[in-house]
Trainee: 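Just passing along the structure, written as structure tokens.
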Amino acid sequence: MASSTPPHCSLTASKPYQNHPYPQKNHRQNPNHHHHHRNNPKWTAAHKVSLANPSLPSPHSAASPASAAAAATATQNPTFTSLSPLNAPKSDLGRDFSGRRSTRFVSKVHLGRPKTTISARHTSVADEALQHAIQYGKDENGLENVLLTFESKLCGADDYTFLLREFGNRGEHLKVVQCFEFAVRRERRKNEQGKLASAAISILGRLGKVDLARSVFDRALREGYGNTVYAYSALISANGRNGYCNEAIKVFETMKNNGLKPNLVTFNAVIDACGKGGVEFNKVLWIFDEMLKNGVQPDRITYNSLLAVCSRGGFWEAAKNWFNEMVDRGIDQDIVTYNTFLDALCKGGQMDSAFEIMSQMPTKNIMPNVVTYSTMVDGYAKAGRCDEALSIFNNMRFLGIDLDRVSYNTLLTIYSKLGNFQEVVDICEEMDDCGIEKDVVTYNALLGGYGKQGKYHDMTRVYKEMKAAQVCPNLLTYSTLIDMYSKGGLYREAMDAFKELKQSGLKPDVVLYSALIDALCKNALVESAVSLLHEMTREGISPNVVTYNSIIDAFGRYMSFEADFDGNGPSCPMLIEDLTENNTADGKGDSRIMKYFGQLASERVGPLKKDSRGRQEILCILGVFKKMHELEIKPNVVTFSAILNACSRCNSFEDASMLLEELRMFDNQVYGVAHGLLMGYRETVWVQAQSLFDEVRQMDTATASAFYNALTDMLWHFGQRHGAQLVVLDGKRRQVWDNVWSDSCLDLHLMSSGAAQAMVHAWLLNIRSIVYEGHELPKLLSILTGWGKHSKVVGDGALRRAIEALLTGMGAPFRLAKCNIGRFISTGSVVAAWLRESGTLKVLVLQDDRSHPASGGIHKISDLQMLPL
DNA sequence: CACGAAACGT
């Protein structure tokens with residue numbers, strides 16, 4: 001195990017669905033790949049690159065998806081640019097199946113423009129039939145009669161296909177089915193029947209009726225006209241566009257097994273399905289590769305779908321490569337290309353690049369539209385740059401671009417998150433005025449916004465309003481309600497929402513379970529949390545990294561790692577898992593969830609309850625880690641922070657080393673830095689530390705500061721105080737905590753206690769150098785600790801007390817401000833005098849308990865046990 | 001073929 005640290009750990013892959021794109025597939029293109037990985041020293045620059053850029057699938061510069069694709073192109077399909085004989089016959093199905101085209105038809109028809117200017121393949125009789133169908137075909141019999149009336153005049157599959165599409169445009173899925181059945185009964189020619197089937201499948205797919213699409217397909221197969229590339233492609237697309245990506249891929253495989261050759265449309269549909277379904281990046285590469293090998297030339301839509309795959313996973317570098325590849329291949333780029341590419345950049349946090357690309361659009365004669373702007377607005381908001389988000393939005397308004405529901409929802413989400421509810425109300429009114437109705441996304445954003453601010457009454461009110469407006473709640477709605485109510489301690493309401501969820505027939509997903517588990521964790525009901533973890537697995541819902549992070553964090557928080565050999569602690573749920581294994585009957589899980597709510601509501605156990613179970617719990621947490629490995633759940637930076645925090649709560653090196661060992665299994669680089677600094681091999685690991693910090697800094701400040709806090713706390717806790725200080729200074733330099741210090745003020749409110757203490761020393765040393773350079777200090781000096789908002793226990797002032805003890809301990813002349821208990825103050829002259837005292841420097845300078853000059857040796861965790869505490 | 005909503009950390 002030790003020697004096979006998984007290479008797939010990604011610090012930056014914080015989205016659980018985001019699979020790290022390590023190209024298991026790529027060694028074909030890069031035979032050296034595996035060789036390289038195994039033999040590389042642990043912390044090469046190569047590893048760094050793979051961590052820093054989730055879009056780079058391997059340490060190889062040549063193995064980015066696009067260049068992998070390019071390599072495949074170059075080595076396996078030299079005829080890429082020419083039409084290979086393997087290429088399936090070019091079809092115009094792509095155009096034929098386009099819902100947009102038919103929509104355009106409708107508008108043109110309705111504008112009364114002469115039909116001859118449209119490349120319509122249907123006859124005018126079909127138009128007439130449609131008008132009749134709209135007028136008289138309201139019910140099944142009516143439509144049957146209309147169809148019978150026109151039967152003799154309607155001309156083949158093209159006319160019927162036209163009707164199918166028009167019914168589709170009107171959302172009439174039952175009419176689509178009826179019309180298809182009517183038409184196919186009257187058609188003898190197999191290929192015409194096939195056309196009808198493909199059209200019906202595609203249209204039903206667009207309407208979200210995958211089951212109906214499937215039944216049409218099955219019927220087509222049974223009746224001998226369904227075994228065509230077109231029907232399969234339509235079914236793939238129907239599944240893909242409705243999120244049944246695995247099913248889409250299955251259909252794709254079946255199709256090939258039946259001897260059919262996928263064409264451009266098929267591949268486009270499969271790749272598109274992958275993007276929607278969040279399929280592993282490698283799988284997509286593999287399919288794209290297969291496409292090239294089969295001589296099917298990718299077109300604009302293929303690339304747009306590939307870009308969408310990147311956007312989904314945040315693989316912005318791959319997107320960049322593919323975007324450039326399009327230019328190289330002479331493939332036209334359209335507004336969709338740009339919007340998708342921009343979205344990939346935004347999702348990858350590359351806002352400045354995105355802005356640059358957007359600025360170039362007009363020079364390419366592609367004008368940014370409402371989608372472009374919404375994408376950018378959302379990107380800036382997600383990057384925490386709300387000012388810029390709002391200013392982009394105002395730009396869009398200024399340009400007179402018509403706002404759509406999505407753009408309003410995006411804006412609404414921003415104001416909800418900012419807690420600016422006056423704006424939220426105003427926007428809702430504006431939407432009303434424009435006749436844009438709130439949809440489920442709007443309501444979910446509102447619910448989340450009010451909930452996050454603790455405005456549970458408003459949340460309840462909005463939920464009622466939602467139901468009154470007959471907007472059907474979805475799983476996300478219930479998840480939000482349950483999560484928010486639980487966080488607010490309103491377990492009764494949470495339970496009610498859960499009951500409604502059950503009544504609606506929706507099934508809890510991993511997010512909902514994770515929210516419940518987190519609620520249990522936050523109330524120190526870790527055992528219940530772990531047993532719910534097993535419960536969800538039994539229900540067929542796989543936990544992900546977020547689920548585990550909650551639990552690991554709770555262990556770190558509530559476990560005391562003191563050895564306790566009474567041996568009779570409550571048994572660990574992990575260990576009795578098998579006893580409850582056969583509990584899969586439907587409904588049992590639900591009643592158990594109800595039981596957990598009851599447990600939460602009873603408040604018998606407060607968040608301060610600490611069990612002292614020692615070894616038992618160590619075994620339990622090790623079991624949790626083991627399971628995480630078994631399920632191949634990739635940790636992220638939150639996991640690392642949670643493990644480091646747990647280390648800070650260990651009373652012995654031994655326990656901490658056990659946890660660090662877990663860290664090592666997850667990620668050698670993070671382990672290397674944490675362990676190296678802890679052991680005093682700072683000089684050896686500092687370069688690695690720098691590259692690690694570079695990556696951490698790529699993330700948002702909350703995530704980054706959490707990691708810095710956790711690492712520093714751990715070092716401080718185990719006496720590596722100089723090391724801790726170097727880490728916080730690095731964090732300060734990278735602005736992990738904003739505006740930590742000025743000459744007159746040190747703001748510690750975002751810092752953990754170890755980090756804050758190390759920072760106090762650093763700041764005072766800095767002030768001291770000002771004094772020794774002969775400069776005046778500001779009249780008033782302050783140290784802010786806040787009110788414990790960021791403390792593990794809200795309002796307990798742990799940080800304040802730690803700083804107070806620290807200042808007292810070193811005799812620093814600061815006192816608590818009278819009006820603000822989170823603020824220590826002093827005057828410049830008093831502090832300057834103290835700094836000039838002979839003993840002061842000595843108490844300010846921090847030392848490490850352990851330090852080793854650079855020796856370059858490999859240091860094992862077992863070294864820990866050899867050293868004194 | 002493009003844009004929007006949820007869980008972990010602070």
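Here is how names work: the chains are called A, B, and so on, in the same order as the sequence lines, proteins then strands, and each is numbered from 1. Atoms considered below: every heavy atom in the structure, side chains included; atoms not considered: hydrogens, waters and symmetry mates.
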Trainee: Whole angstroms only, please: what is the CD1-P distance between Ile593(A) and dA7(B)?
Mentor: 18 Å
Trainee: Does a distance-only test, which skips hydrogens and angles, find a donor-acceptor pair under 3.5 Å between the side chain of Ser374(A) and the base of dC3(B)?
Mentor: yes
Trainee: Under a 4.0 Å threshold between the charged nitrogen and the carboxylate oxygen, would Asp272(A) count as salt-bridged to Arg241(A)?
Mentor: no
Trainee: Let me know the distance between CG of Asp483(A) and P of dA6(B), rounded to the nearest Å.
Mentor: 11 Å
Trainee: Determine: side-chain N/O of Asn474(A) to OP1/OP2 of dA6(B), distance under 4.0 Å, yes or no.
Mentor: no
Trainee: Categorize Thr340(A) for me: base, sugar-phosphate, or nothing, with a 4.0 angstrom heavy-atom threshold over every strand shown.
Mentor: sugar-phosphate
Trainee: Between dA7(B), dA5(B), dC1(B), spot the one nearest the side chain of Asn304(A), thanks.
Mentor: dC1(B)
Trainee: Nearest to the side chain of Ser550(A) - dA2(B), dC8(B), dA6(B)?
Mentor: dC8(B)
Trainee: Between Lys634(A) and dC8(B), is there a contact of a side-chain N or O with OP1 or OP2 at under 4.0 Å?
Mentor: no
Trainee: Between the base of dA2(B) and the side chain of Asp334(A), is one N or O donor paired with an acceptor at under 3.5 angstrom?
Mentor: no
Trainee: Nearest to the side chain of Asn369(A), heavy atoms from C-beta on, is which of dC8(B), dA7(B), dA2(B)?
Mentor: dA2(B)
Trainee: What's the closest nucleotide to the side chain of Asn709(A) if the choices are dA6(B), dC1(B), dT10(B)?
Mentor: dT10(B)
Trainee: Side-chain N or O of Arg557(A) versus OP1/OP2 of dT10(B): is the shortest distance under 4.0 Å?
Mentor: yes
Trainee: Starting from C1' on dC3(B), measure out to CG on Leu345(A) and report it in whole angstrom.
Mentor: 14 Å
Trainee: Just by modelled atom types, is the Tyr244(A) backbone N or O under 3.5 Å from a matching donor or acceptor in the Asn242(A) side chain?
Mentor: no
Trainee: Considering only dA5(B), dC3(B), dA7(B), which nucleotide approaches the side chain of Met484(A) most closely?
Mentor: dA7(B)
Trainee: Report yes if at least one side-chain N or O of Lys487(A) is closer than 4.0 Å to OP1 or OP2 of dC8(B); otherwise report no.
Mentor: yes
Trainee: Suppose we call two aromatic rings close when their centres sit under 6.0 Å apart. Are Phe323(A) and Tyr303(A) close by that rule?
Mentor: no
Trainee: Please state whether the phosphate of dA7(B), meaning OP1 or OP2, lies under 4.0 angstrom from any side-chain nitrogen or oxygen of Lys522(A).
Mentor: no
Trainee: Within this structure, what is the CD1-to-P distance between Ile551(A) and dA7(B), rounded to whole angstrom?
Mentor: 17 Å
Trainee: Taking all non-hydrogen atoms of both residues, which atom of Ala318(A) and which atom of Cys310(A) are closest, and how far apart?
Mentor: CB-SG, 3.8 Å
Trainee: Report the relative orientation of the aromatic rings in Tyr463(A) and Tyr478(A); use parallel for angles under 30°, tilted for 30 to 60°, perpendicular for over 60°.
Mentor: perpendicular
Trainee: Of the candidate nucleotides dT10(B), dA6(B), dA5(B), which contains the atom at the shortest distance from the side chain of Thr480(A)?
Mentor: dA6(B)
Trainee: Return the nearest nucleotide to the side chain of Asp509(A); candidates are dA6(B), dA2(B), dC3(B).
Mentor: dA6(B)
Trainee: Quick one: Asn444(A) CG to dA7(B) P, roughly how many Å, whole number?
Mentor: 11 Å
Trainee: From dC8(B), dA2(B), dA6(B), pick the nucleotide closest to the side chain of Lys276(A)?
Mentor: dA2(B)
Trainee: Can you see if the side chain of Arg241(A) gets near the phosphate of dC1(B) - specifically, an N or O under 4.0 Å from OP1 or OP2?
Mentor: yes
Trainee: Can you tell me the distance, in whole Å, between the CG atom of Leu711(A) and the P atom of dT10(B)?
Mentor: 14 Å
Trainee: Can you measure Asp343(A) atom CG to dC3(B) atom P for me and round it to whole angstrom units?
Mentor: 5 Å
Trainee: Does the pair Glu325(A)/Lys320(A) count as a salt bridge with the N-to-O cut at 4.0 Å?
Mentor: no
Trainee: Taking only the side-chain nitrogens and oxygens of Lys452(A), find out if one of them lies under 4.0 Å from OP1 or OP2 of dA7(B).
Mentor: yes
Trainee: One thing to verify: whether Arg405(A) and Glu437(A) come together as a salt bridge, which I'm taking to mean a side-chain N less than 4.0 angstrom from a carboxylate O.
Mentor: no
Trainee: Please give, in whole Å, the distance from dA5(B) C1' to Ile414(A) CD1?
Mentor: 13 Å
Trainee: Which listed nucleotide (dA6(B), dC1(B), dT10(B)) is nearest to the side chain of Val336(A)?
Mentor: dC1(B)
Trainee: Just compare dA7(B), dA2(B), dA5(B) and give me whichever is closest to any side-chain atom of Val510(A).
Mentor: dA7(B)
